[in-house]
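Here the structure comes first, spelled out in structure tokens, and everything after it is commentary.
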Amino acid sequence: MAISNPRVTYIKWTLLVLALFAHTCNGFYLPGSYMHTYSKAQEIITKVNSLTSIETELPFSYYSLPYCKPPKGIKKSAENLGELLMGDEIENSAYRFKMNVNETVYLCTTHPLTEHDVKLLKQRTRDLYQVNMILDNLPAMRYAYQNGVKIQWTGFPVGYTPPNSKDDYIINHLKFRVLIHEYEGSGVQIIGTGEEGPGVISEAEKKKASGFEIVGFEVYPCSIKYDPDTMKKKSIYQSIPAVNCPSELEKYQIIREQERVSFTYEVEFVKSDIRWPSRWDAYLKMEGARVHWFSILNSLMVIFFLAGIVFVIFLRTVRRDLTRYEELDKESQAQMNEELSGWKLVVGDVFREPDSSKLLCVMVGDGVQITGMAVVTIIFAAFGFMSPASRGMLLTGMIILYLFLGIIAGYVAVRMWRTIKGTSEGWRSVSWFVACFFPGIVFLILTVLNFILWGSNSTGALPISLFFVLLSLWFCISVPLTLLGGFLGTRAEAIQYPVRTNQIPREIPARKYPSWLLVLGAGTLPFGTLFIELFFILSSIWLGRFYYVFGFLLIVLLLLVIVCAEVSVVLTYMHLCVEDWRWWWKAFFASGSVSLYVFLYSINYLVFDLQSLSGPVSAILYLGYSLIMATAIMLSTGTIGFLMSFYFVHYLFSSVKID
């Protein structure tokens, strides 16, 4: 009689389940959208996003200009929260392709241009507005040559203005080059194996399903003057002879009143060896990569070297002081306290309640929330979960993380409040302030900027419905979670001070220079780790470039945390050594002052790198968003420095024997 082995049976069924799972799954790609395979001559619809310009930073709807509209009407694509906040407005377009079918097609002829149309077209042309088209989730890429260097851009210009000319010409003919990769899918077949039961034979037989993947989307725009009467007789999507882009201005389509503009396009499909998972590599390739990497590496080495020296000296000094203090008996300690100055003399005042203690707790709570959001977001982005292929996902993820991290913010703020006050009384007020402080600042700035965008009729303006959505998320998720975190903070064990606080505060000796000068200067060290990466981030936001070196950004963030902690601890120790026991706010701003340099650098970037930015509206938008960024950095870095300094002071005075 055969005895079955339970372990063998378990392995067999496990293999069967895995085989069934493998049979039904073709693959899983991270990040972005799923792979779409097209058959021969299958219809492909292109989409259009908002018109954008690096000169104004004000996005406008594609159909605000007299472009051809789809035969079945304009339909908006579903957009996530991040896309709406970024001003994206994705709609279908009249451009239609047939997979792997090369053709030249007539689209439409406009009505005679009105004075309003001409004014708008000229303004958009001279403001360097770009048309952003999307095919299978890939932005249209354009290549141009400047001083013999090949430069890539996303999108194509609305029009063309020759140097020293008052005339403008509209782009009305597009040459599309679609890169495709021929795809063959294969499956796995399960067969029986007699007495041993079901099993898997890999690659026993391949089931092939041919198709094409879109792996590249390039556009080559030009302006051609057509005879409108002849073109008007044609129907939409009617084939026309191949068109060559002219080089003479006389053959361009000028923008002026009563002109009728005919739009045409041609598409060429080119087979490519690029695989679908690698199709975004061309967009994410950063120019000047060598300069970027070597500059950042140099900054990291310098910062580590300086921080290491300071930290070693600091540790030796504190250890020597503690060792000398502990070796003395009580009488000698008392005599030493009378003779010596330094941090040992402020033992009765070091934990005295600071000025505006509630505001400090609130800012620390918000700082923990922002820091947690930044760290988790960058980690997810570094692992590829927030690819540019998923538009708006980065901003959406940040907002969701911020909302749910409110519970930690409330907990930290209320526990710090209990530590300072010695009681839980007033914790609800602290929790409410935590929930409303930073979001309130952001909401106020965004409201002012939104009124400016509304006045400009920009798609970047948030609709009223989105305002209500944001307020609902704020008060239905963030506020309750922050209050819950505050409640948990009241139940947590309070942090006990190692020394008692005297009733009468100790007089602080006069100093030759204000202590805040040293605090503000301390921000230069953390800024040294940040400013080069900040340049690339600002370029990606304001110059329309992709930023995707999140792995290195994570390293820079971790380095920034270390440097902020070290700088704040060193400055706290320096203030205690000169008998200045008011260290709380100075510890916060020692590292938080980096935000001042970030904002000043943003102004420097506006003046010297965004010279093309035109008009007061664009400058106000830029400064408003920069102010939000600087505020978030201040709260985050200040919190890191303060919490580390608090731990250091608590540890330092816990090591001293006090009656």
Side-chain angles (χ1 to χ4, degrees), residues 49-54 56-61 79-90 362-363 365-367 369-371 373-374 377 391-406 409 432-479 481-482 534 537-538 540-542 544 595 598-599 602-603 605-606 610 613 615-636:
N49 204 341
S50 301
L51 306 173
T52 55
S53 168
I54 61 173
T56 65
E57 301 297 345
L58 297 172
F60 289 99
S61 171
E79 296 170 336
N80 58 42
L81 184 60
E83 287 178 308
L84 292 172
L85 289 173
M86 291 189 298
D88 288 349
E89 190 172 290
I90 301 175
V362 168
M363 293 174 73
D366 278 331
Q369 192 173 4
I370 294 169
T371 304
M373 175 198 70
T377 301
R391 288 178 182 80
M393 184 60 69
L394 186 66
L395 191 54
T396 304
M398 290 174 66
I399 293 172
I400 292 173
L401 282 170
Y402 183 85
L403 292 173
F404 284 96
L405 286 173
W432 270 102
F433 272 108
V434 170
C436 299
F437 181 72
F438 179 69
I441 294 173
V442 174
F443 188 79
L444 180 63
I445 296 175
L446 286 182
T447 302
V448 173
L449 297 181
N450 214 50
F451 278 115
I452 296 174
L453 290 170
W454 272 334
S456 304
N457 296 318
S458 170
T459 60
L462 304 182
I464 293 294
S465 58
L466 185 58
F467 260 98
F468 283 111
V469 169
L470 291 174
L471 286 173
S472 300
L473 291 173
W474 184 5
F475 285 103
C476 295
I477 298 179
S478 182
V479 172
L481 285 177
T482 307
L534 185 63
I537 294 173
L538 291 176
S540 113
I541 295 173
W542 299 107
S595 62
V598 168
F599 189 71
S602 300
I603 296 175
Y605 187 85
L606 171 65
L610 288 181
L613 202 65
V617 172
S618 303
I620 292 172
L621 285 174
Y622 175 86
L623 292 175
Y625 291 127
S626 298
L627 186 59
I628 292 175
M629 178 180 66
T631 304
I633 290 174
M634 178 197 70
L635 293 172
S636 177

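Side-chain atoms are counted along with the backbone in the values below, which use heavy atoms only and exclude waters and symmetry mates. Remember, it's a predicted structure, so these values are computed and weren't measured experimentally.
Nearest heavy atoms, Leu403 versus Leu481: O-CD1, 3.7 Å. The two residues Leu621 and Glu57 come nearest to each other via the heavy atoms CD1-O, 4.3 Å.
Legend: residues meeting side chain to side chain donor-acceptor pair (under 3.5 Å) with Glu89, ordered by chain and number and at least two apart, are Ser61. The side chain to side chain contact (heavy atoms under 4.5 Å, CB included) check on Leu84 picks up Glu79, Leu466, with sequence neighbours excluded. Considering only residues two or more places apart in sequence or on other chains, Ser540 meets the side chain to side chain contact (heavy atoms under 4.5 Å, CB included) condition with Tyr547. Applying the side chain to side chain donor-acceptor pair (under 3.5 Å) rule to Ser595 yields no partners; only residues at least two apart in sequence or on another chain are considered. Scanning for side chain to side chain donor-acceptor pair (under 3.5 Å) contacts around Thr52 gives Asn132, with sequence neighbours left out. With sequence neighbours excluded, no residue forms a side chain to side chain donor-acceptor pair (under 3.5 Å) with Ser602. Taking the side chain to side chain contact (heavy atoms under 4.5 Å, CB included) definition, one finds that Ser458 meets it with Leu58, Pro59, Phe60, Leu453, sequence neighbours left out. Qualifying side chain to side chain contact (heavy atoms under 4.5 Å, CB included) partners for Ile620, counting only residues two or more places apart in sequence or in other chains: Leu449, Ile452. Contacts of Trp454 classified as ring-ring contact (aromatic ring centres under 6.0 Å, His included), with partners at least two apart in sequence or in another chain: Phe451.
Contact check for Leu534 versus Val598: side-chain heavy atoms found under the 4.5 Å cut-off. Two residues are said to be in side-chain contact when any heavy atoms from C-beta on lie closer than 4.5 Å; Leu81 and Leu470 meet this criterion. Side-chain contact check for Met629 versus Ile537: every heavy-atom pair is 4.5 Å or farther apart. You'll find the side chain of Trp542 stays beyond 4.5 Å of the side chain of Leu606, heavy atoms only. Side chains of Thr56 and Val617 form no contact here, defined as non-hydrogen atoms less than 4.5 Å apart. Contact annotation: the side chain of Trp432 never approaches that of Val362 to less than 4.5 Å [non-hydrogen atoms, C-beta and beyond]. Under the 4.5 Å side-chain criterion, counting only non-hydrogen atoms from C-beta, Tyr625 is in contact with Leu446.
Rounding to the nearest 0.5 angstrom, the gap separating the OG1 atom in Thr371 from the CD atom in Gln369 is 10.0 Å. To the nearest 0.5 Å, atoms CD1 (Ile628) and CG (Leu623) are separated by 11.5 Å. A distance of 9.5 Å separates CE of Met363 from CD1 of Ile370, quoted to the nearest 0.5 Å. Note that the CH2 atom of Trp474 and the OG atom of Ser472 stand 12.0 Å from one another [nearest 0.5 Å]. A distance of 6.5 Å separates OG of Ser626 from CG of Leu538, quoted to the nearest 0.5 Å. One distance of note links CG of Asp366 with CZ of Phe433; it measures 11.5 Å at 0.5 Å rounding.
Using modelled atom types, no side-chain atom of Ser636 and backbone atom of Ala632 make a donor-acceptor pair closer than 3.5 Å. Of the possible polar contacts, one joining the Thr396 side chain to the Gly82 backbone as a donor-acceptor pair under 3.5 Å is found.
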Side-chain donor/acceptor pairs under 3.5 Å, residues 435-445, sequence neighbours excluded:
none

